[in-house]
Q: 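One structure, as structure tokens, below. Some questions next.
Quantities reported herein were computed from a predicted structural model and do not represent experimental measurements. Sequential numbering from 1 along the given sequence is applied to the chain's residues. Start at 1 and go down the list; that is how both ligands and their atoms are numbered.
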Amino acid sequence: MLDPFKIDGNTCISLSGGRTSAYLLHRALQSNGGLPDGTLVLFCNTGKEEEATLRFVRDIAEHWQVPVTWLEYRLGGSFQVVDFDTASRSGEPYEQVIQQRNGVLPNLRARYCSSEMKTRTMHRYLRSLGWTDWETMIGIRADEPRRAAKFRFNPHPETKAEYVRVPLVDAFVSARDVGEFWQAQPFDLALPNIKGKTMHGNCDLCFLKPAAQVLSLIQEKPERAVWWAEQEQKAEGVAHGDGARFRNDRASYAQMAAFADQQTDMFDQDEEAIACFCGD
Ligand code: SF4
């Protein structure tokens, strides 16, 4: 069988800041004897990541001696290259993408946050380097069949210029394999790994996380709700219907903040997170 991690031609490795995509990078480095020419490792910061995620991305570059390019979305559909020290920590790229959409919030029907701040931001950067076609490796595991099927069915979800590869699926890598790998490393993401899932990963209170999880993250650190509640408050004045709230099928962030010191069992404890590109 061909090595699914072998790289041939312009390739972008998408690092989400989670353990899975970092493991993907490790396997790619192993299979190719380092980072081949014409391969870039990109991390897109939304400004709503946990500090531990930013430290993990920095540590990966240092421990594995691999350059990681940090990108952020900028108003007008552009991007900015940043680094660990200059990366936004207060949701600035996210607020700019909302502003670009005239204050309409991303929501279940229009999840533009991920595509604009991550996928398209990477594409804009790669095109700025003169890339016209390339492959992108993303960290989807074999135990995420629905996410994998989406890219199998359509490996060009955004543009024909890009072919999306899911090598961890081809290599039958599961959450357990990823967990075991990180347990044996001298550094790790300093966020809890619960049954292979990192509840704190990606944007801290991402609206695709189950409500009970969002509530528990607010209980753990109430100030997490402030930014999200502020965005909803601003959107109420300019948007209607879906775009006025991140989720109009459940409590607002302000309401969740108010519930936070009550019981969590008002929400479905078995609700699954909704998959998106952001991933682990
Ligand atoms: S983690 Fe959630 S809120 Fe953040 S960009 Fe991805 S889908 Fe949007």
Side-chain angles (χ1 to χ4, degrees), residues 14-22 42-54 56-57 70-75 77 79 82 87-101 103-124 136 138-140 144 146-147 150-151 157-158 164 189 191 197-218 224-232 234-235 239 242-250 252-253 256 271-280:
S14 170
L15 193 61
S16 73
R19 291 182 178 89
T20 299
S21 62
L42 304 183
F43 166 67
C44 290
N45 178 39
T46 65
K48 289 305 298 163
E49 309 280 348
E50 290 288 328
E51 188 66 19
T53 298
L54 305 184
F56 185 51
V57 174
W70 294 47
L71 299 172
E72 289 184 358
Y73 175 87
R74 288 292 181 267
L75 194 62
F79 65 84
V82 298
S88 301
R89 261 83 167 176
S90 307
E92 297 87 338
Y94 208 143
E95 282 182 46
Q96 292 193 25
V97 84
I98 295 171
Q99 201 183 333
Q100 185 68 31
R101 301 272 173 143
V104 174
L105 297 176
N107 57 77
L108 285 187
R109 286 158 64 93
R111 299 188 224 157
Y112 68 78
C113 46
S114 177
S115 53
E116 278 297 337
M117 284 190 288
K118 299 188 177 184
T119 315
R120 290 182 192 148
T121 295
M122 289 189 199
H123 295 176
R124 288 174 188 127
T136 297
I138 61 173
I140 292 180
E144 300 178 288
R146 271 192 291 184
R147 293 183 71 211
K150 200 178 130 200
F151 291 104
E158 277 287 332
V164 176
L189 172 61
L191 294 174
K197 294 188 177 149
T198 308
M199 164 172 116
H200 298 71
N202 292 312
C203 295
D204 54 1
L205 300 187
C206 169
F207 59 96
L208 302 180
K209 292 180 182 177
Q213 211 176 82
V214 171
L215 197 65
S216 119
L217 288 162
I218 297 173
R224 284 193 179 116
V226 172
W227 183 90
W228 298 87
E230 272 175 14
Q231 304 317 307
E232 288 194 325
K234 280 193 264 176
D242 287 312
R245 289 248 298 268
F246 290 100
R247 292 280 293 250
N248 61 13
D249 62 342
R250 67 190 191 198
S252 69
Y253 283 89
M256 284 205 257
E271 182 189 348
E272 274 201 49
I274 298 173
C276 75
F277 173 82
C278 296
D280 182 25

Q: Could you point out which residue of Glu50, Glu49, Glu72, Glu51 forms a salt bridge (charged side-chain N to carboxylate O under 4.0 Å, His left out) with Arg89?
A: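 Only match with Arg89 under salt bridge (charged side-chain N to carboxylate O under 4.0 Å, His left out): Glu51.
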
Q: According to side chain to side chain contact (heavy atoms under 4.5 Å, CB included), who are the partners of Ala22, at least two apart in sequence or on a separate chain?
A: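 So Ala22 forms a side chain to side chain contact (heavy atoms under 4.5 Å, CB included) with Leu15, Phe56, Ile60, Trp182.
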
Q: Taking only heavy atoms of Leu208, which atoms of ligand 1 are found under 4.0 Å from at least one of them?
A: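 Checking each atom against Leu208, I get 7 (S).
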
Q: Applying a heavy-atom cut-off of 4.0 Å, say which part of Cys203 lies close to ligand 1: side chain, backbone, both or neither.
A: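 Both of them.
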
Q: Quick check: does Cys206 put an N/O/S atom under 2.8 Å from atom 8 (Fe) of ligand 1?
A: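 Not a single backbone or side-chain N, O or S atom of Cys206 is under 2.8 Å from atom 8 (Fe) of ligand 1.
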
Q: Looking at Glu144 and Lys150, is any side-chain nitrogen of the basic one under 4.0 Å from a carboxylate oxygen of the acidic one?
A: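 Salt bridge between Lys150 and Glu144, a charged N being under 4.0 Å from a carboxylate O: no.
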
Q: Heavy atom of Tyr94 under 4.0 Å from ligand 1?
A: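 In this structure, Tyr94 qualifies as a contact of ligand 1 - some heavy atom is under 4.0 Å.
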
Q: Checking Gln231 now: which residues fulfil side chain to side chain contact (heavy atoms under 4.5 Å, CB included) with it, not counting sequence neighbours?
A: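 By the side chain to side chain contact (heavy atoms under 4.5 Å, CB included) rule, Gln231 matches Glu95, Ile98, Leu105, Trp227, Lys234, Phe246.
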
Q: Distance under 4.0 Å to a non-hydrogen atom of Asn202: what atoms of ligand 1 satisfy this?
A: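 Here the atoms of ligand 1 in question are 1 (S).
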
Q: For Cys278, take its heavy atoms, then give the atoms of ligand 1 lying under 4.0 Å from any of them.
A: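 Heavy-atom distances to Cys278 below 4.0 Å select 1 (S), 5 (S), 6 (Fe), 7 (S).
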
Q: Testing the 3.5 Å rule here: is there a donor-acceptor pair between the side chains of Thr119 and Glu158?
A: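 No.
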
